[in-house]
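Predicted model only: the values in this text are computed from it and were never measured.
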Amino acid sequence: MNAADYVEQAQVTNWPARIVLVVSVIGLIALALWGMRRGWVHRVQRQADLPAPADTPPADAQLTAPVEGLFAGTGVHGDWMDRIAVHDLGVRSRARLSWATDGIWLDRDGARSLFIPAEAVTAVRADRGVAGTVRSRDSMVVITWRLGDRLLDTGFRADASTDHATVLDGLMAAFSMGVQ
């Protein structure tokens, strides 16, 4: 036996099959992205009747010092997976939260800021998540408020745990009629 008898030749790649597989995977990814976009557009259409919230606090509001944190988003009260898609309410962003007897001011980076009037606030609580965002137990401040005829939950998580306690205690004291 010769050494040449023991040499195996590498298989030649089946290029047509490989191209079909690559195109199929790219097509599936494109189909998934299209479906997600279509779902978001339909969600916006379903929520088109929701009025825009105020985007500035009253000029005479005596706001507290802002607390840095994460605006986790806004969802329908009682259905934490139903994110609000209109008016940038469902967009996660960095934010600064401050409050006064007039209401709650969320100054956001990269998304529309919002002011929640005091009369719209129905409850303040610590919870595990809101709008499809889940965190550890009681690590998110959830503000339940009314916009138009809908009850919404907005989540905020302070960067520091001491700030979390400050925000939760301050909001509960300022809006004690709605504490849960």
Side-chain angles (χ1 to χ4, degrees), residues 36-37 39-40 43-44 46-48 50-180:
M36 289 174 15
R37 174 72 179 150
W40 191 259
R43 182 177 296 236
V44 168
R46 280 193 321 268
Q47 297 170 351
L50 198 62
D55 57 359
T56 57
D60 60 344
Q62 300 294 318
L63 298 169
T64 62
V67 175
E68 293 279 335
L70 173 73
F71 177 88
T74 299
V76 174
H77 177 69
D79 186 3
W80 67 279
M81 292 296 288
D82 191 6
R83 186 179 290 267
I84 299 297
V86 295
H87 311 302
D88 286 345
L89 290 174
V91 178
R92 273 179 61 150
S93 60
R94 298 291 307 155
R96 285 153 304 285
L97 184 142
S98 49
W99 65 93
T101 56
D102 298 344
I104 302 166
W105 170 236
L106 287 149
D107 185 21
R108 300 168 59 195
D109 298 332
R112 189 181 307 173
S113 297
L114 78 128
F115 179 75
I116 304 170
E119 58 273 4
V121 176
T122 62
V124 175
R125 68 182 187 281
D127 209 337
R128 128 174 295 164
V130 67
T133 303
V134 178
R135 301 287 181 175
S136 59
R137 184 170 185 250
D138 294 340
S139 65
M140 182 132 0
V141 175
V142 178
I143 303 157
T144 302
W145 58 292
R146 186 167 299 284
L147 181 61
D149 62 347
R150 294 201 190 157
L151 205 54
L152 307 176
D153 285 336
T154 294
F156 179 82
R157 181 181 169 133
D159 289 340
S161 60
T162 55
D163 289 341
H164 173 75
T166 301
V167 168
L168 186 61
D169 292 343
L171 290 177
M172 286 184 158
F175 307 102
S176 60
M177 74 282 191
V179 176
Q180 285 184 349

* Asked: Hey, what do you get for CG (L97) to CD1 (I143), rounding to the nearest 0.5 Å?
  -> 5.5 Å

* Asked: Which pair of non-hydrogen atoms, one from F115 and one from P58, has the smallest distance, and what is that distance?
  -> CZ-CD, 3.4 Å

* Mind checking whether D60 and D102 have side chains closer than 4.5 Å, heavy atoms only? -> yes

* Structure fact -> On a heavy-atom basis, the closest approach of A85 and Q47 is N-OE1, 2.6 Å

* Side-chain contact, heavy-atom cut-off 4.5 Å: T74 with R83? -> no

* With rounding to the nearest 0.5 Å, note down the distance linking CG in L114 to CG in L89. => 6.0 Å

* Structure fact -> The salt bridge (Lys or Arg N to Asp or Glu O under 4.0 Å) partners of D107 (sequence neighbours excluded) come to R96

* side chain to side chain contact (heavy atoms under 4.5 Å, CB included) between F71 and D88, worked out -> CA-CA 11 Å; F71 177 88; D88 286 345; over 6 Å; no

* **Polar side-chain atom of S113 near backbone of R108 as donor-acceptor pair, under 3.5 Å** => yes

* Work out which heavy atom in M172 is nearest to a heavy atom in V124; give both atom names and the distance. => CE-O, 3.5 Å

* Using a 4.5 Å cut-off on heavy atoms from C-beta on, say whether the side chain of D109 contacts that of S93. => no

* To do: Mind checking the CD1-CH2 spacing from I116 to W105? Nearest 0.5 Å is all I need.
  => 11.0 Å

* Closest approach of L168 to A126 (non-hydrogen atoms, all atoms of both residues) -> CD2-CB, 3.7 Å

* Asked: Do the non-hydrogen side-chain atoms of D163 and E68 ever get within less than 4.5 Å of each other?
  -> no

* Quick one: does T122's side chain have a donor or acceptor within less than 3.5 Å of a partner on T144's backbone? -> yes

* Asked: Taking C-beta and beyond as the side chain, do L171 and V121 meet within less than 4.5 Å on heavy atoms?
  -> no

* Would you indicate whether the side-chain heavy atoms of R125 and D153 approach each other to under 4.5 Å? => yes

* Asked: Once you round to the nearest 0.5 Å, how far does CH2 of W99 lie from CD1 of I104?
  -> 9.0 Å

* Structure fact -> Residues S98 and T64: closest non-hydrogen pair is CB-O, 3.2 Å

* Asked: Hey, does L106 have a side-chain heavy atom less than 4.5 Å from the side chain of T154?
  -> yes

* To the nearest 0.5 angstrom, please state how far the CG atom of L152 sits from the NE2 atom of H77. => 10.0 Å

* Structure fact -> Exactly one of V141, D169, D159 clears side chain to side chain contact (heavy atoms under 4.5 Å, CB included) with H164, and that residue is V141

* Structure fact -> Heavy atoms of A72 and M140 approach each other most closely as CB-SD, 3.4 Å

